[in-house]
S.K.: 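A single structure is presented below for examination.
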Amino acid sequence: MAISTIQKLTSQIHRLPPVSCHILTRSSATLSSSKKVADRIVKLFAIDPEGQKREVVGLAGHSLLRALTNSGLIDPASHRLEEIDACSAECEVNIAQEWLEKLPPRTYDEEYVLVRNSRGRILNKHSRLGCQVVLTPQLQGMVVAVPEPKPWDIP
């Protein structure tokens, strides 16, 4: 009985269409996923408070703030990433004029936070909150200036 069952199964297996076998190795998985990430890379330039131009790498869809914190230009502990309700404008940056037109205008909330935290100084038209600027491939090469921390932001 066992032999007849094995013979039936063997004949059924031979009638099945051939199965192509793909072996996924660690290197092929890394290569395919890194290609997708590589397509999302946005390289931009930041002028740090000392006046040095630094290359910053971010991903399309992420905020400018995330790219600046990953590069060490903004202290991640000073800001709750992407939460405008908790924002105290520590992520304020100045965008070069030629890039302002490529960004959507400030939202009401962003404008409110910038004005509220301006402490009586005149608000610069180049000022944006890094947490509200979403990187896109069109922003490749953008230049931003990271201002010195304000005296009231320094612990």
Side-chain angles (χ1 to χ4, degrees), residues 16-155:
L16 292 174
V19 177
S20 62
C21 185
H22 295 286
I23 299 173
L24 182 65
T25 63
R26 183 180 299 257
S27 61
S28 66
T30 305
L31 182 63
S32 65
S33 65
S34 65
K35 183 178 178 187
K36 292 177 184 176
V37 170
D39 293 341
R40 295 179 52 209
I41 290 178
V42 179
K43 291 183 181 177
L44 47 117
F45 298 97
I47 310 299
D48 66 18
E50 289 80 38
Q52 300 296 315
K53 188 175 185 179
R54 296 176 49 183
E55 185 178 69
V56 175
V57 177
L59 292 176
H62 288 186
S63 70
L64 174 59
L65 173 63
R66 181 172 285 173
L68 293 172
T69 53
N70 288 343
S71 298
L73 288 166
I74 293 181
D75 179 19
S78 70
H79 196 282
R80 296 179 188 159
L81 298 177
E82 286 86 31
E83 291 182 22
I84 195 159
D85 294 338
C87 188
S88 58
E90 287 98 357
C91 63
E92 181 181 347
V93 295
N94 294 309
I95 308 287
Q97 177 65 39
E98 61 270 17
W99 296 99
L100 282 176
E101 292 106 29
K102 296 183 181 186
L103 294 174
R106 295 178 189 148
T107 63
Y108 173 81
D109 289 338
E110 183 178 8
E111 185 81 28
Y112 175 78
V113 169
L114 285 167
V115 170
R116 180 187 70 199
N117 291 294
S118 66
R119 307 272 177 159
R121 64 182 163 84
I122 297 172
L123 189 60
N124 183 342
K125 71 175 184 174
H126 299 277
S127 292
R128 294 295 302 261
L129 295 176
C131 63
Q132 299 302 302
V133 175
V134 178
L135 297 177
T136 63
Q138 293 76 24
L139 298 177
Q140 193 79 253
M142 180 172 68
V143 178
V144 302
V146 179
E148 291 182 25
K150 297 158 194 79
W152 54 86
D153 292 335
I154 299 172

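This is a predicted model, so every value here is computed, not measured.
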S.K.: Would you name the heavy atoms of W99 and Q138 that are closest together and state the gap between them?
M.R.: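 That would be CZ3-O, 3.5 Å.
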S.K.: Does E110 reach the main-chain N or O of L129 with its side chain, forming a donor-acceptor pair under 3.5 Å?
M.R.: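 Judged by distance alone, yes, a pair lies under 3.5 Å.
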S.K.: Check L139 against V134 and note the closest heavy-atom contact, atom names and distance.
M.R.: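 Smallest interatomic distance, heavy atoms only, reads CD1-O, 3.6 Å.
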S.K.: Looking only at atom types and distance, does a side-chain atom of T69 sit under 3.5 Å from a main-chain N or O of R66, one as donor and one as acceptor?
M.R.: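 Side chain of T69 to backbone of R66: a pair is present.
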S.K.: Shortest non-hydrogen contact from A67 to L135?
M.R.: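 Where A67 meets L135 most closely, the heavy atoms are CB-CD1, 4.1 Å.
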S.K.: To the nearest 0.5 Å, what is the distance between NE2 on H126 and CD1 on I95?
M.R.: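 H126 atom NE2 to I95 atom CD1 measures 10.0 Å (nearest 0.5 Å).
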S.K.: Of the options V146, D48, V56, which is the one that meets S71 in a side chain to side chain contact (heavy atoms under 4.5 Å, CB included)?
M.R.: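 The passing option is V56.
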S.K.: Enter the distance from L59:CG to D39:CG here, rounded to the nearest 0.5 Å.
M.R.: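 Here the interatomic distance stands at 11.0 Å.
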S.K.: Which residue, L114, T107, V115, forms the side chain to side chain contact (heavy atoms under 4.5 Å, CB included) with E111?
M.R.: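 For E111, the side chain to side chain contact (heavy atoms under 4.5 Å, CB included) test succeeds with only one of L114, T107, V115, which is V115.
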S.K.: Rounded to the nearest 0.5 Å, what separation is found between the CD atom of E92 and the CG atom of N94?
M.R.: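 Interatomic distance, E92 CD to N94 CG, rounded to 0.5 Å: 6.0 Å.
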S.K.: Any chance you could measure R106, atom CZ, to Q132, atom CD, to the nearest 0.5 Å?
M.R.: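 Between R106 CZ and Q132 CD, I get 12.0 Å after rounding to 0.5 Å.
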S.K.: Which of these passes side chain to side chain contact (heavy atoms under 4.5 Å, CB included) with C131: L65, V113, L68, I74?
M.R.: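 Of L65, V113, L68, I74, side chain to side chain contact (heavy atoms under 4.5 Å, CB included) with C131 is met by L65 alone.
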S.K.: Write down the atom of V144, the atom of M142, and the distance for their closest heavy-atom approach.
M.R.: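 Closest approach of V144 to M142, heavy atoms only: CG1-CE, 3.9 Å.
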S.K.: With rounding to the nearest 0.5 angstrom, report the SG to CG distance, C91 to L73.
M.R.: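 C91 atom SG to L73 atom CG measures 13.0 Å (nearest 0.5 Å).
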S.K.: If you take all heavy atoms of Q140 and I41, which pair is closest and at what distance?
M.R.: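 Where Q140 meets I41 most closely, the heavy atoms are NE2-O, 3.4 Å.
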S.K.: Would the distance check show the side chain of R128 and the main-chain N or O of V93 forming a donor-acceptor pair, the cut-off being under 3.5 Å?
M.R.: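 Not at all, since once roles are kept as given, no pair shorter than 3.5 Å links the two residues.
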